[in-house]
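Notes follow the structure.
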Amino acid sequence: MDRYSSKYLFSSLKPMEASFNPRVAAMQPSATLAMAGRAKKLKRAGADVIALSAGEPDFNTPEPIAQAGIEAIQDGFTRYTQNPGMPELREAICAKFAHENNLKYTPEQILCSNGAKQSVALAVTVLAAEGDEILIPAPYWVSYPEMTRFAGANPVIVPTTAETEYRLTPQALADAITERTRVLILCSPSNPTGSVYTQGELKALVEVLQNHERIVVVSDEIYEHVIYDAVHVPIASLSGMQERTITINGFSKCFAMTGWRLGYMAGPVDIVKQAAKLQGQFTSAPCSITQRAGIAALSMDKAPLQAMVKAFRERRDYLLERLSTLPGVQAPKPEGAFYLFPQINDYYGTIAPSGRMINSSDDLCFYLLEEHLVALVPGAAFGDPDGIRISYASSMDDLRKAFDRIETGLKQLSQR
Ligand code: PMP
Ligand code: GLU
C-alpha cells in the first residue's frame with residue numbers, strides 16, 4: 001500500500017496511540033527560548049526575576065521603522081507578497097550588501113524569511129543530504145545542531161577554546177573535514193561568545209576550504225552591526241567565496257525588531273531557489289507589513305542604531321569589570337553581539353545553603369534562577385558544559401541588580 005494513502009495512514013495508527021515524526025520527537029527544545037519562557041512565567045506569577053536569558057535588545061524598534069509598519073497597515077498593504085519577499089525589499093538588501101560589504105547580489109539571490117532562524121533552517125535543509133556532515137564550531141548557537149539533525153545530516157561539533165577566544169583554527173577545521181562534509185556554519189560576531197573573526201583568520205580558514213569544493217559556508221552575520229573593537233568581515237567577500245557562501249542576516253538584533261520576524265539569506269541562485277521552493281510550501285513570504293518596515297530600516301539614518309551599540313558597549317564594559325571581581329569566573333572580552341560566556345566550572349562540587357548541589361551549569365542556572373531570581377542559559381545547550389551565557393541586552397539598572405544577585409549567589413556556595 002502507498003505509504004501516503006489515507007488508508008495506510010489510518011490503518012497504521014493504533015487507537016489512542018500518538019505517533020510522531022522521530023526527527024521531531026528527538027529534537028531538543030530551544031534552550032534560549034525555554035529559559036526565557038521560564039523567566040516570563042515566574043514573572044507573571046509575581047516573582048521579581050531579572051531575565052538575562054534571551055538575546056533580545058531591550059530597546060524599542062526605532063520610530064521610522066515603526067511608522068512604516070503603521071503606514072503599511074493604514075495603506076491596506078496587508079496581502080501576500082511575492083514568496084521570496086517584495087522586490088523593493090530584496091533590492092534594498094542588495095543595495096545594503098553593495099554599500100556596506102562591497103558585495104554584488106541581484107534580487108533573485110536574496111530570500112526573505114520569517115526571521116534569520118528560518119533562513120538558517122532553510123539553508124541547512126537545502127544543502128545537507130541524508131548522512132552529510134555539517135561542521136559546527138562550539139560554543140555554537142543552540143539551534144544549529146537541531147536544525148542539522150532535522151535535515152537528516154550529522155552535526156560534527158568542532159570545539160574551540162578560550163585561548164583562541166573561541167575562534168575556529170585552520171588546523172581544527174582541516175582535522176574535522178571528511179568526504180561527507182557539506183557545510184561549515186560560522187557565526188561572527190558570535191552568539192554565545194561575542195568573538196569576531198579577523199580578515200586574516202577567515203583567510204586562513206578559506207585556504208583550508210579551497211581543497212574541498214563540496215563545502216558550502218553558511219555564515220550567520222545577524223550581529224554584524226553589534227560590534228565594538230573589531231571590524232566585521234563577511235566571508236563571502238573573500239576571494240572565491242561568494243559562489244560558495246550563504247550569508248544569513250536579519251533585522252532582529254541590529255534594528256531591535258525581534259517581534260517583527262524578518263531575516264534573509266543571500267547566495268548562489270540555485271541554492272536560493274531551492275530554499276524559496278521550501279519556503280513556498282512551508283510558510284510563504286514574511287509578513288507584508290514587516291517587509292515595508294524592513295525597507296524603512298535599511299534606508300533610515302543610522303544614529304539610533306549607533307546609540308544602541310554604544311549602550312551595549314557600556315554594559316559589556318560594566319559586566320566585564322564586575323566579572324573580574326568574581327572568583328573562578330572567566331570570559332574573554334567579547335568584541336561583538338551582546339553576550340558573555342564565562343566558564344563557571346570552578347563552582348562544580350559546591351553546595352548551597354538550601355542543600356542544593358551544584359554539579360553542572362544546568363544546576364548553577366536553576367540555582368541562580370530559583371534562589372536568586374536571575375535567568376541565564378546553561379552552557380551545555382551551546383556545546384560547552386562548563387560555560388554559562390549571560391545576555392546583556394538589558395537595562396543598566398537590571399544588569400547592576402542581576403550582578404549583585406549573582407555575586408551573592410556565588411558567595412553562598414561552599415565546597416562539599
Ligand atoms: N542567528 C543567531 C546567531 C541568533 O542569535 C539568532 C537569534 N534569534 C538568530 C540567528 C535568529 O534571529 P531571528 O530569527 O530573530 O531573525
Ligand atoms: N537568538 C536569541 C538567543 O540566542 C533569541 C532566542 C532564540 O531565537 O534562540 O537568545
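All ligand and atom numbering here is 1-based and tracks the order in the structure. Index from 1, following the sequence. The shown structure was predicted, so the numbers you read here are calculated from the model rather than taken from an experiment.
Against a heavy-atom cut-off of under 4.0 Å, Tyr223 is close to the following atoms of ligand 1: 3 (C), 4 (C), 5 (O). Per-residue contacts place Asn191 under 4.0 angstrom from the following atoms of ligand 1 (heavy atoms of the residue considered): 3 (C), 4 (C), 5 (O). In the vicinity of Arg261, heavy-atom distances shorter than 4.0 Å reach the ligand 1 atoms 13 (P), 14 (O), 15 (O). For ligand 2, the atoms sitting less than 4.0 Å from at least one non-hydrogen atom of Leu33 are 6 (C), 7 (C), numbered in the order shown with element in parentheses. Heavy-atom contacts of Ser252 reach the following atoms of ligand 1: 13 (P), 15 (O), 16 (O) (cutoff under 4.0 Å). The Ala54 neighbourhood of ligand 2 comprises atoms 10 (O), with distances under 4.0 Å to a heavy atom of that residue. Close contacts between ligand 1 and Cys187 involve ligand atoms 3 (C) [criterion: under 4.0 Å to a heavy atom].
Looking at Thr247 and Thr245, their side chains never bring a donor and an acceptor atom within 3.5 Å of each other. Side chain to side chain, Asp317 and Tyr228 fail the donor-acceptor criterion of an N or O pair below 3.5 Å. Side chain to side chain, Gln274 and Asp270 fail the donor-acceptor criterion of an N or O pair below 3.5 Å. Side-chain atoms of Asn101 and Glu221 include no donor-acceptor pair closer than 3.5 Å. Neither side chain, Tyr367 nor Tyr347, offers a donor N or O lying under 3.5 Å from an acceptor on the other.
For atom 8 (N) of ligand 1, the closest non-hydrogen atom on the protein side is Lys253 NZ, 3.2 Å. Atom 9 (C) of ligand 1 has as its closest protein heavy atom Trp141 CH2, 3.4 Å. Looking at atom 9 (O) of ligand 2, its nearest protein heavy atom turns out to be Thr32 OG1, 2.6 Å. Protein heavy atom in closest approach to atom 12 (O) of ligand 1: Ile222 CD1, 3.4 Å. Protein heavy atom closest to atom 3 (C) of ligand 1, with residue, atom name and distance, is Asp220 OD2, 3.3 Å.
Partner of Gln279 under the side chain to side chain contact (heavy atoms under 4.5 Å, CB included) criterion, chosen from Pro84, Cys112, Pro286: Pro286. Checking Arg90, Glu88, Gln82 one by one against Met86, the side chain to side chain contact (heavy atoms under 4.5 Å, CB included) holds for a single residue, Glu88.
Distance alone, capped at 3.5 Å, is enough to place a donor-acceptor pair between the Thr290 side chain and the Trp260 backbone. In this structure a side-chain-to-backbone donor-acceptor pair under 3.5 Å is present from Asn83 to Ala276. Proximity of a side-chain donor or acceptor of Asp398 to a complementary backbone N or O of Ser395 within less than 3.5 Å is not detected. Using a distance-only test at 3.5 Å, with no hydrogens or angles considered, a donor-acceptor pair links the side chain of Ser391 to the main chain of Ala54.
The side chain of Tyr144, and not its backbone, has at least one atom closer than 4.0 Å to an atom of ligand 1 (non-hydrogen atoms only; side chain from C-beta on). At a 4.0 Å heavy-atom cut-off, ligand 1 touches Ala116 through backbone and side chain alike. Within the 4.0 Å heavy-atom criterion, neither part of Phe251 lies near ligand 1. Using a 4.0 Å cut-off between heavy atoms, Gln118 makes no contact with ligand 1 at all.
Ligand 1 has at least one atom lying under 4.0 Å from a heavy atom of Gly115.
Remark: ligand 2 and Gly55 share an N or O pair separated by less than 3.5 Å (distance only, no angle test). Distances between N or O atoms of Lys117 and those of ligand 1 include at least one value under 3.5 Å. For Asn191, a nitrogen or oxygen atom sits less than 3.5 Å from a nitrogen or oxygen atom of ligand 2, counting backbone and side chain alike.
The heavy atom nearest to atom 1 (N) of ligand 2, out of those in Lys117, Lys253, Met35, Glu56, is found in Lys253.
The six-membered or imidazole ring of Phe312 lies near that of Phe59, with a centre-to-centre distance under 6.0 Å.
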